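What you see is a predicted model; the values in this text were computed from it and never measured.
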Amino acid sequence: MSKTASVALAPSASLFARLLASIDRFLMASAQVSNRNGDLPRFGL
């Protein structure tokens with residue numbers, strides 16, 4: 001048995017990318033609702 005251990009961790013970039021994708025989906029849905037109501041969409045958080 002070796003004395004070293006390896007731990008498989010998910011890369012942080014994929015987690016960050018998933019977070020940005022979910023924020024993007026939320027902002028796009030908000031912009032679509034605003035567009036449907038005839039308002040100007042509010043960009044940003």
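Residues passing the side-chain contact (heavy atoms from CB on, under 4.5 Å) test with Asn37, sequence neighbours excluded: Val33, Asp39. When the side-chain contact (heavy atoms from CB on, under 4.5 Å) test is applied to Leu20, the partners found at least two apart in sequence or on another chain are Phe16.
Separation of atoms OG (Ser14) and CG (Leu19) is listed at 11.5 Å; rounding is to 0.5 Å.
Between the side chain of Ser34 and the main chain of Ser30, a donor-acceptor pair closer than 3.5 Å is present.
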